[in-house]
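Here the structure comes first, spelled out in structure tokens, and everything after it is commentary.
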Amino acid sequence: MIPYGRQHITDDDVAAVEAVLRSDFLTQGPAVPAFEKALADYCGAEHAVAVNSATSALHIACLALGVTEGDTVWTTPNTFVASANCARYCGATVDFVDIDPETFNMCADALAAKLAATDKLPKVVIPVHFSGHSCDMAAIAALAEQYGFKVIEDASHAVGGRYRDQPVGDCTYSDITVFSFHPVKIITSAEGGVALTNDAGLQRKMDRLRSHGVTRNPDDLTNLDEGPWHYEMLELGLNYRMTDMQAALGLSQMQRLDELVARRQVLADRYDALLADLPVIRPGRASNAYSAWHLYCIQIDERQTNLSRRQVFETLRADGIGVNVHYIPVHTQPYYRAQGFNPGDFPVSEAYYKNAITIPLYATMSDEQQDEVVAALKRALGAA
């Protein structure tokens with residue numbers, strides 16, 4: 001089967017992890033800060049805090065921004081549930097903003113309209129860079145300035161992407177940006193995530209929160225006279241630390257980040273051309289963004305075919321093509337329906353989901369494998 005995503009592990013990656021295994025530190029050693037520095041330098045951000053998953057990074061980002069019970073956090077329905085759950089972990093209420101029908105990202109116009117109409121403004125808005133394609137962050141940042149909310153970029157799909165010719169993750173338009181290093185993402189640390197920020201106070205708070213709320217930082221200690229062993233727990237934190245083994249793998253993978261994204265770009269361009277005459281809707285692109293192309297998501301064009309998404313999906317799976325669907329709109333999940341949401345609340349997200357299929361895309365995918373995917377899709381659509 002050709003999977004929808006696949007990690008790329010080289011001998012250099014294996015050697016980097018082996019070196020940690022043979023060192024004195026398996027966790028909380030030199031590899032984690034080295035990985036953090038490499039990420040911050042690459043993105044042009046001041047600080048990076050590496051953790052054990054992007055979900056953890058989203059959680060500590062919300063905590064660092066003071067999200068708590070009684071607050072409201074807005075995100076998009078077209079995302080994995082973690083983008084909403086991170087606010088619920090803090091006791092906050094979640095609401096959603098519908099997507100742009102071309103990019104499938106949070107729509108800045110819909111956000112503006114919802115802000116103008118609400119009597120309870122969000123404390124934080126979490127736009128999601130779906131499939132690796134940046135949201136219109138300048139427009140969202142302008143609204144944040146106007147209405148006084150904070151911004152967390154959920155860029156879990158987008159490491160290596162760019163917006164307005166600057167790296168996603170530079171935090172020019174947000175308070176915190178989060179990346180994921182899950183195996184199907186652009187680069188991997190097996191599991192892992194990072195929160196980037198230009199605010200030293202947020203960095204120190206997230207650094208504490210990932211490690212039980214404990215610090216040895218003299219700037220944060222209340223007692224400087226106890227002794228060199230002294231540490232203090234300043235708040236109720238969590239154990240979200242990344243290991244040196246994970247960081248070493250991520251640091252090794254970073255050496256190929258631009259190469260991996262460039263190959264995904266070639267494959268996405270090739271899909272655009274190969275699918276042009278099929279009854280599918282290809283993903284749109286904003287002129288101000290360079291996508292990392294974590295996913296390539298099409299929609300079955302029901303105006304041109306009588307086939308359902310399920311028929312096409314099951315035919316492709318039976319033909320050895322590991323298609324997937326990203327995403328079931330979060331507000332339609334049973335947990336969020338119990339919070340008061342209903343189908344029909346966010347019609348653009350639901351219309352996209354109704355016909356969406358994610359077809360395989362990963363950096364080591366060959367042209368021949370891509371041709372095989374397209375041939376199978378043609379057969380499934382009766383266009384072969």
Side-chain angles (χ1 to χ4, degrees), residues 1-6 76-85 96 98-107 128 130-133 156-157 182-185 267-268 270-284 293-338 341-362 365 369-384:
M1 179 169 284
I2 299 175
Y4 86 88
R6 171 179 284 163
T76 172
N78 184 37
T79 185
F80 186 57
V81 294
S83 305
N85 291 351
F96 301 93
D98 218 341
I99 61 173
D100 178 273
E102 296 296 322
T103 64
F104 318 139
N105 280 331
M106 179 183 286
C107 177
V128 178
F130 178 73
S131 78
H133 200 92
S156 294
H157 296 185
H182 183 276
V184 297
K185 299 301 197 304
L267 290 166
R270 202 163 181 269
Y271 266 141
D272 281 355
L274 292 169
L275 303 180
D277 297 326
L278 295 183
V280 299
I281 300 169
R282 296 164 294 166
W293 287 111
H294 164 49
L295 304 172
Y296 192 94
C297 303
I298 62 172
Q299 297 171 81
I300 305 305
D301 191 344
E302 57 189 8
R303 299 167 300 179
Q304 299 187 55
T305 179
N306 292 322
L307 294 168
S308 69
R309 185 260 306 274
R310 180 166 183 168
Q311 288 174 298
V312 176
F313 184 98
E314 291 181 343
T315 300
L316 286 168
R317 279 284 182 95
D319 212 3
I321 309 301
V323 289
N324 210 325
V325 172
H326 297 87
Y327 287 101
I328 301 171
V330 178
H331 70 283
T332 67
Q333 294 290 349
Y335 175 85
Y336 284 99
R337 291 189 66 175
F341 295 102
N342 292 293
D345 286 347
F346 301 97
V348 184
S349 296
E350 293 170 42
Y352 159 73
Y353 164 67
K354 177 184 175 184
N355 294 311
I357 297 180
T358 304
I359 60 177
L361 177 66
Y362 47 93
M365 187 180 196
Q369 287 174 315
Q370 189 175 36
D371 290 341
E372 185 177 340
V373 171
V374 173
L377 182 58
K378 287 181 177 179
R379 290 193 294 272
L381 293 166

Quick one: does any side-chain atom of [X] pair with a main-chain N or O of [Y] as donor and acceptor, under 3.5 Å?
X      : Y      : result
His294 : Gly5   : no
Asp319 : Ile321 : no
Gln370 : Leu267 : yes
Glu350 : Gly344 : yes

Start with the C-alpha gap between Arg270 and Asp371, add the side-chain angles, then the distance that decides, and say whether side chain to side chain contact (heavy atoms under 4.5 Å, CB included) holds. CA-CA 10 Å; Arg270 202 163 181 269; Asp371 290 341; 3.0 Å; yes

Going through the checks in order, is the side chain to side chain contact (heavy atoms under 4.5 Å, CB included) test met by Tyr353 and Val325? CA-CA 8 Å; Tyr353 164 67; Val325 172; 3.7 Å; yes

What verdict does the side chain to side chain donor-acceptor pair (under 3.5 Å) test give for Tyr296 and Asp272, after you've listed the backbone C-alpha separation in whole Å, the side-chain angles of each residue and the deciding distance to 0.1 Å? CA-CA 10 Å; Tyr296 192 94; Asp272 281 355; 2.5 Å; yes

Tell me the closest heavy-atom pair linking [X] and [Y], and the distance in Å.
X      : Y      : value
Ile359 : Ile298 : CG2-CD1, 4.0 Å
Pro3   : Pro360 : O-CB, 3.0 Å
Leu361 : Trp293 : CD2-O, 3.3 Å
Phe104 : Ile99  : O-CG2, 3.5 Å
Asn105 : Val128 : OD1-O, 2.9 Å
Thr76  : Thr79  : O-CG2, 3.2 Å

Criterion side chain to side chain contact (heavy atoms under 4.5 Å, CB included) on Leu316 and Val373, from CA distance to verdict: CA-CA 8 Å; Leu316 286 168; Val373 171; 6.0 Å; no

Hey, is Lys378 close enough to Asp277 for a salt bridge, meaning N to O under 4.0 Å?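 Result for this pair is no, no salt bridge flagged.
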
Determine whether [X] and [Y] make a side-chain contact, defined as any pair of heavy atoms from C-beta on separated by less than 4.5 Å.
X      : Y      : answer
Tyr362 : Gln369 : yes
Leu295 : His157 : yes
Ser308 : Ile300 : no

Would you call the rings of Phe346 and Phe341 parallel, tilted or perpendicular, where under 30° means parallel and over 60° means perpendicular?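 Judged by the thresholds at 30° and 60°, the geometry between Phe346 and Phe341 is tilted.
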
For Phe96 and Tyr336, take the angle between the two ring planes, folded into 0 to 90°, and tell me which bin it lands in: parallel under 30, tilted 30 to 60, perpendicular over 60.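 Phe96 and Tyr336: perpendicular rings.
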
Using the test side-chain contact (heavy atoms from CB on, under 4.5 Å), find all partners of Arg317 that sit at least two apart in sequence or belong to another chain.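 With neighbours one apart ignored, the set is Met1, Phe313, Val323.
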
Would Cys297 and Tyr352 count as a side chain to side chain contact (heavy atoms under 4.5 Å, CB included) if you check the C-alpha gap in whole Å, the side-chain angles of each, and the deciding distance to 0.1 Å? CA-CA 10 Å; Cys297 303; Tyr352 159 73; 3.4 Å; yes

For the CD atom on Glu372, are there more than 12 heavy atoms of other groups (residues, nucleotides or ligands in this structure) within a distance under 6.0 Å?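 Not buried by this count: 12 neighbours or fewer within 6.0 Å.
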
Once you round to the nearest 0.5 Å, how far does [atom1] of [X] lie from [atom2] of [Y]?
X      : Y      : atom1 : atom2 : answer
Lys354 : Gln299 : NZ    : CD    : 11.0 Å
Gln333 : His331 : CD    : NE2   : 10.0 Å
Glu102 : Arg282 : CD    : CZ    : 11.0 Å
Ser131 : Asn78  : OG    : CG    : 9.0 Å
Ser349 : Ile328 : OG    : CD1   : 13.0 Å
Asn355 : Asp301 : CG    : CG    : 8.0 Å

Does one side chain, of Thr358 or His326, offer a donor that lies under 3.5 Å from an acceptor on the other?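 The criterion, which ignores hydrogens and geometry beyond distance, is satisfied for His326 and Thr358.
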
